[in-house]
Amino acid sequence: SYDGLTSAFCDEVGAQFQLRGVRNDVDLSYEQPLAQMTRANHPNLDTVVLLTDPEYTAIHSTVVRDVLHHGGDVSKFVPDAIMPWLSQRG
(Lines give C-alpha, C1' and ligand atoms only; values in the text may rest on other atoms or scores of the structure.)
Protein backbone atom coordinates (compact mmCIF):
# COMPACT_ATOMS: atom_id res chain seq x y z
CA SER A 1 0.00 0.00 0.00
CA TYR A 2 1.08 3.59 -0.51
CA ASP A 3 -0.08 7.13 0.14
CA GLY A 4 -0.47 9.82 -2.47
CA LEU A 5 -0.86 9.76 -6.22
CA THR A 6 -0.55 6.49 -8.09
CA SER A 7 1.63 8.20 -10.69
CA ALA A 8 4.03 9.39 -7.98
CA PHE A 9 4.22 5.86 -6.60
CA CYS A 10 4.91 4.54 -10.10
CA ASP A 11 7.78 7.02 -10.41
CA GLU A 12 9.09 5.96 -7.00
CA VAL A 13 9.25 2.27 -7.97
CA GLY A 14 10.42 2.90 -11.53
CA ALA A 15 7.26 1.70 -13.27
CA GLN A 16 6.85 2.65 -16.91
CA PHE A 17 3.19 1.60 -17.21
CA GLN A 18 0.09 1.63 -15.07
CA LEU A 19 -2.85 -0.64 -15.82
CA ARG A 20 -6.38 0.65 -15.41
CA GLY A 21 -9.52 -1.42 -15.87
CA VAL A 22 -12.78 -0.07 -17.24
CA ARG A 23 -16.20 -1.72 -17.25
CA ASN A 24 -18.16 0.75 -19.33
CA ASP A 25 -18.26 4.19 -20.92
CA VAL A 26 -18.67 5.87 -17.53
CA ASP A 27 -15.42 4.33 -16.29
CA LEU A 28 -13.68 5.30 -19.52
CA SER A 29 -14.91 8.89 -19.21
CA TYR A 30 -13.45 8.97 -15.70
CA GLU A 31 -10.13 7.36 -16.66
CA GLN A 32 -9.42 9.41 -19.79
CA PRO A 33 -8.74 12.76 -18.07
CA LEU A 34 -6.73 10.96 -15.37
CA ALA A 35 -4.55 9.37 -18.05
CA GLN A 36 -4.10 12.74 -19.77
CA MET A 37 -3.18 14.44 -16.50
CA THR A 38 -0.76 11.62 -15.71
CA ARG A 39 0.84 12.02 -19.13
CA ALA A 40 1.24 15.77 -18.57
CA ASN A 41 2.83 15.33 -15.14
CA HIS A 42 4.74 12.08 -15.73
CA PRO A 43 5.59 11.84 -19.45
CA ASN A 44 7.54 8.59 -19.00
CA LEU A 45 4.55 6.76 -17.47
CA ASP A 46 2.07 5.20 -19.90
CA THR A 47 -1.48 4.35 -18.88
CA VAL A 48 -2.83 1.14 -20.37
CA VAL A 49 -6.61 0.75 -20.24
CA LEU A 50 -8.03 -2.78 -20.15
CA LEU A 51 -11.66 -3.50 -20.97
CA THR A 52 -13.44 -5.99 -18.73
CA ASP A 53 -15.22 -9.07 -19.99
CA PRO A 54 -18.94 -8.32 -20.33
CA GLU A 55 -19.85 -10.85 -17.63
CA TYR A 56 -18.03 -8.71 -15.03
CA THR A 57 -19.38 -5.25 -15.89
CA ALA A 58 -21.80 -5.19 -12.94
CA ILE A 59 -19.08 -5.96 -10.40
CA HIS A 60 -17.39 -3.02 -8.70
CA SER A 61 -15.47 -2.53 -5.50
CA THR A 62 -18.27 -0.71 -3.66
CA VAL A 63 -20.65 -3.64 -4.07
CA VAL A 64 -17.96 -6.20 -3.21
CA ARG A 65 -17.03 -4.27 -0.05
CA ASP A 66 -20.70 -4.03 0.97
CA VAL A 67 -21.28 -7.76 0.47
CA LEU A 68 -18.10 -8.53 2.41
CA HIS A 69 -19.03 -6.09 5.20
CA HIS A 70 -22.34 -7.89 5.67
CA GLY A 71 -20.74 -11.32 5.80
CA GLY A 72 -21.57 -12.37 2.26
CA ASP A 73 -19.52 -14.57 -0.04
CA VAL A 74 -17.46 -12.54 -2.53
CA SER A 75 -15.36 -15.42 -3.85
CA LYS A 76 -17.11 -15.31 -7.25
CA PHE A 77 -16.23 -11.64 -7.65
CA VAL A 78 -12.54 -11.40 -6.69
CA PRO A 79 -9.43 -13.29 -7.80
CA ASP A 80 -8.63 -16.48 -5.85
CA ALA A 81 -5.28 -14.99 -4.83
CA ILE A 82 -6.96 -12.21 -2.87
CA MET A 83 -9.40 -14.35 -0.86
CA PRO A 84 -6.89 -15.25 1.92
CA TRP A 85 -6.13 -11.55 2.39
CA LEU A 86 -9.82 -10.67 2.55
CA SER A 87 -10.43 -13.48 5.06
CA GLN A 88 -7.68 -12.12 7.33
CA ARG A 89 -9.22 -8.65 7.32
CA GLY A 90 -12.53 -10.10 8.50
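The ring pair (Phe, Tyr, Trp, His ring centres under 6.0 Å) analysis of residues 38-61, with sequence neighbours excluded, yields no pairs. Sequence neighbours left out, not one pair with a member in residues 3-17 passes salt bridge (Lys or Arg N to Asp or Glu O under 4.0 Å).
Residues that satisfy the side chain to side chain contact (heavy atoms under 4.5 Å, CB included) test with V74, not counting sequence neighbours, are V64, V67, L68, F77, V78, M83, L86. In terms of the side chain to side chain donor-acceptor pair (under 3.5 Å) criterion, residue partners of S75 (sequence neighbours excluded) are, by chain and number, D73. Remark: R65 engages no residue in a salt bridge (charged side-chain N to carboxylate O under 4.0 Å, His left out) (not counting sequence neighbours). A search for side chain to side chain donor-acceptor pair (under 3.5 Å) contacts involving E31 returns R20, not counting sequence neighbours. In terms of the side chain to side chain donor-acceptor pair (under 3.5 Å) criterion, residue partners of T47 (sequence neighbours excluded) are, by chain and number, Q18. The side chain to side chain donor-acceptor pair (under 3.5 Å) test applied to D46 returns R39, not counting sequence neighbours. For D66, the salt bridge (charged side-chain N to carboxylate O under 4.0 Å, His left out) test picks out no residue, with sequence neighbours left out.
Looking at N24, its side chain does come within 3.5 Å of a backbone N or O of V26 through a donor-acceptor pair.
Residue Y30 is found in a hydrophobic cluster whose other members, listed by chain and number, are L34; membership requires side-chain heavy atoms under 4.5 Å apart, directly or through intermediates. Here L28 is tied into one hydrophobic group with V22, V49, L51, each link being a pair of ILVMFWY side chains closer than 4.5 Å. Clustering of Ile, Leu, Val, Met, Phe, Trp and Tyr side chains at separations under 4.5 Å places Y2 together with F9, V13.
Rounded to the nearest 0.5 Å, atoms CG (N41) and CG (L5) are 8.5 Å apart.
Around the CD atom of Q16, the shell of radius 6.0 Å holds no more than 12 heavy atoms that belong to other residues, nucleotides or ligands. In the displayed structure, Q32 atom CD is contacted under 6.0 Å by at most 12 heavy atoms of other residues, nucleotides or ligands. No more than 12 heavy atoms of other residues, nucleotides or ligands lie within 6.0 Å of CG in D80, so this atom counts as exposed by the packing criterion.
When all heavy atoms are compared, the tightest approach of S7 to T38 is CB-CG2, 3.9 Å.
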